[in-house]
Protein chains: 4
Amino acid sequence: MSKIDKNKQMKRESLLETAFRLFTSKGIQKTSISDIVEDAGVAKGTFYLYFKDKYDIRNKLIAHKSGEVFKRADLALQATDITELEERVIFLIDNIINQLVENKTLLGFISKNLSWGMFKNVLIGAGEDSEVDFYDIYHSMFGDEGRFENPEVMVFMMIELVGATCYSAILYSEPVGIDELKPYIFRTIRGIMAMHRITGQTETDSDI
Amino acid sequence: MSKIDKNKQMKRESLLETAFRLFTSKGIQKTSISDIVEDAGVAKGTFYLYFKDKYDIRNKLIAHKSGEVFKRADLALQATDITELEERVIFLIDNIINQLVENKTLLGFISKNLSWGMFKNVLIGAGEDSEVDFYDIYHSMFGDEGRFENPEVMVFMMIELVGATCYSAILYSEPVGIDELKPYIFRTIRGIMAMHRITGQTETDSDI
Amino acid sequence: MSKIDKNKQMKRESLLETAFRLFTSKGIQKTSISDIVEDAGVAKGTFYLYFKDKYDIRNKLIAHKSGEVFKRADLALQATDITELEERVIFLIDNIINQLVENKTLLGFISKNLSWGMFKNVLIGAGEDSEVDFYDIYHSMFGDEGRFENPEVMVFMMIELVGATCYSAILYSEPVGIDELKPYIFRTIRGIMAMHRITGQTETDSDI
Amino acid sequence: MSKIDKNKQMKRESLLETAFRLFTSKGIQKTSISDIVEDAGVAKGTFYLYFKDKYDIRNKLIAHKSGEVFKRADLALQATDITELEERVIFLIDNIINQLVENKTLLGFISKNLSWGMFKNVLIGAGEDSEVDFYDIYHSMFGDEGRFENPEVMVFMMIELVGATCYSAILYSEPVGIDELKPYIFRTIRGIMAMHRITGQTETDSDI
DNA sequence: TATGAATGAGGGTTCATTCAT
DNA sequence: CATGAATGAACCCTCATTCAT
């Protein structure tokens, strides 16, 4: 049975790998299920044994691939001795940006498809096939300590800012290259964190 | 000739209107040219007299629709007596957000399709069928006065931040509704402007 | 497997047969793939499982049909005891002409489509789905014996002459019917062979 | 009126010229009426004022273009002092072949389209828009003198032989280039003429 | 489980032809 | 005579999905 199960797992992973390669090289719209099964070396019907349709495999890929990016960033962070929270966040973001610079196809894939809703799913559902529990990381960083007014909004803004600006800067160097953009991103990130830090809320709010 | 030309313009606009309605209700992928011409009440071949393909009409719609949003925001701004630049920017953004709240289908359409490159095209090419010259507005606000270190990067960051965060907040109230998010957005916008203001560069830079 | 393969072969042959019938009755240009699949009783997509496009099926038909003609002629020749080479050639040509007289649709199809390049392909590639190896026949007749100065040119001229003249004579009796034309054709064929026969080259050449 | 008529003639000739250029460069099937009128600089409807459809203009072109070739060959012949009939025929054929070598697009166009029936039309109908009366030439050469047994068959065979063999030799050098093929063609032509010459009919006929 | 032949609706696109101007 | 916008049938081809093996 183990052998059969292993075979099954191989088929599934072959399909995922192939789909990712084709999605990132030809685009999702232009990739047909025929393309995937042909390259993966399985029969057409087999695809439907593992995935509902093209968008099912896409969603599973996004969760998987973005999870990996966060995992690698977290591992790198653990290898440092940075303790200050703000510096830890900056380190993570910098690491993720660097990963995306190195892997532009992954960037294109994630940016076009990773919504905030998706991201939360990664956070929550990560435990199922991952050794890292992102939910724990998230909470230990932002949630438990009560240091931030609205941690979820804060993380949301940071992620959307980084995602949106990096896409254009890394892939098209528009309006500037990522190296030139990074300082601005980091300063804005620090600004966002400062804004949400509870002790820092003494200034008068005059938001329009 | 006038009669024929008027008829042509009507056909063209009928196609644009119908395409927009279908794109925003069914999505671009799911909308076929057959759908468009059927709803617009013209023959299939007629579509190809006016547009190259589905993506041609989409691009023209994006430019047109986002141009309109900016135009309306600018008109509203002119009706005020706000003089301070920062306040003018905040007013514009607030107005645009409010428009998008009122017109969620437009928001979905623009957000999914308006890239920075597209935005620049709207800015530059707006003159062709618009009474407002966005390029002038842009330059009079940010470019000429030498008050900002890198105005293009600044505008880029503001637009990407607003676009990315509003999409989720307005359409899905995730992670919070737009009303709750707005103060954070505005404060971040002010932070971004402060960061680029040349005289404000006295603080120490410690961008990683 | 045998059952499925048999079914596949049947589908393929049904398509070939139907295409031939339509090509010869309506012409290739006027025959659409829709026509073929409809008459063959298969779905449109099925066509593309077996052939790349209309011209793929046409080429396969030409090779197949002209191969059959040559094969039949060769079989008939083997049933005789003609030994003299020239008489054997005349016999083959006569037999082929007679076949084409009997099957005028085949004549129209082959004549319009069988170029010299095509003919060589039939000769060379015939082995793949045929029991007769035309290449062997050809070589044993003309090539090996060293009796002809330029056997390829000789065969080329004979084939082009026969093809071009028979088409008009058989189908339209223009300028005369095939029976009246035959003697002239045969005499010209003999002339061409005489011309290429190496020992026959004693006459003075005065080719302009 | 003359001016209008001149304008009409110009439109017609512009259409003919453009059609010929497109037919020979893209092929007849791939050339649409839209292509022709666009390149010719006239409106679509105008085409139908002069020609019935694409095949009407094609037929008119074939007659016109092949007529020109024969006319040029005849003019060249008249400039010589060749008197012997056989040599005159060889001269004509050689001249025509040379024209086709120089003008390969013309060769492709004529060969693919010039049937014997067409050729006779050119002969007969040539008077309508040509200064040369081919019918006269033809008859003075072959018909009137009673020197040939069946002049029409003879001309037919010569034309078909030359047309069929030259096409492959000039355009594809298959099986040999035209220069290498010419001697064989001429000898065969002489053979065909000898065969039809009435005084030369002393040899025994053994046509199968 | 796994296969892959078969399906057929539906996609985008072309183009000969018409006809009001 | 000349125009060219409009037509819409017909084209080729793709592909997600099914199901008998």
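Note on naming: letters A, B, ... go to the chains in the order of the sequence lines (proteins, then strands), and numbering restarts at 1 for each one.
- Listed nucleotides: E/dA2, F/dC13, F/dA2. Nearest to the side chain of D/Leu49: F/dA2.
- Looking at the side chain of C/Val42, the nearest of the listed nucleotides E/dT7, F/dA6, E/dA16 is E/dT7.
- Under 3.5 Å, the side chains of B/Lys44 and B/Ser34 contain a donor-acceptor pair of N or O atoms.
- Computed from coordinates, the D/Gln29 CD to F/dC12 C1' distance equals 15 Å when rounded to whole Å.
- Among A/Lys65, A/Arg58, A/Lys60, the single residue meeting the side-chain contact (heavy atoms from CB on, under 4.5 Å) criterion with A/Ile62 is A/Arg58.
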(message) For DNA chain F, please output the secondary structure as dot-bracket, reading 5' to 3'. Pairs are Watson-Crick or G-U wobble, both atom distances under 3.5 Å; mark crossing pairs with [ ], other-strand partners with |, unpaired with a dot.
(response) .||||||||||||||||||||
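- Contacts of C/Ile33 with the nucleic acid, taken as non-hydrogen atoms under 4.0 Å apart, involve only primed sugar atoms and P, OP1 or OP2.
- A straight line from CD1 of C/Ile4 to P of E/dA2 spans 18 Å, rounded to a whole angstrom.
- Phosphate proximity of E/dA6 to C/Thr46: absent, as no side-chain N or O sits under 4.0 Å from OP1 or OP2.
- Contact between the side-chain N/O atoms of D/Ser32 and the OP1/OP2 oxygens of E/dT14 is not found at any separation under 4.0 Å.
- Whole-Å rounding puts the D/Tyr50 OH to F/dT3 C1' distance at 12 Å.
- Checked against F/dT3, F/dA16, E/dA16, the side chain of D/Lys44 finds its nearest nucleotide in E/dA16.
- Here the P atom of nucleotide F/dA6 and the NZ atom of B/Lys6 are 15 Å apart, to the nearest Å.
- If you check F/dA5, E/dT3, E/dT17 against the side chain of B/Lys8, the one that comes closest is F/dA5.
- Remark: the backbone N or O of A/Ala40 is paired with a side-chain donor or acceptor of A/Ser14 at under 3.5 angstrom.
- As rounded to whole Å, 23 Å separates atom P of F/dG4 from atom OH of B/Tyr48.
- Checked by atom type and distance alone, the side chain of B/Lys54 never pairs as donor or acceptor with a backbone atom of B/Ile33 at under 3.5 Å.
- For A/Ile36 and E/dG4, the CD1 to P distance is 17 Å, given to the nearest whole Å.
- Of the charged side-chain nitrogens involved, none lies within less than 4.0 Å of a carboxylate oxygen, so that C/Asp35 and C/Lys30 do not count as a salt-bridged pair.
- No donor-acceptor pair closer than 3.5 Å links the side chain of C/Ser111 to the backbone N or O of C/Gly108.
- If you take NZ of C/Lys11 and P of F/dA20, they are 13 Å apart, rounded to a whole angstrom.
- The listed nucleotides are F/dT7, E/dT3, E/dT7; the one nearest the side chain of A/Ala43 is E/dT3.
- For D/Lys54 and E/dT14, the NZ to P distance is 14 Å, given to the nearest whole Å.
- Between D/Phe20 and D/Phe109, the ring planes lie perpendicular to each other; the angle is over 60°, past the 30° to 60° tilted range.
- DNA chain E is contacted by both C/Gly41 and B/Ser34; C/Gly41 maps to the nucleotide lying nearer its 5′ end (nearest heavy atom per residue).
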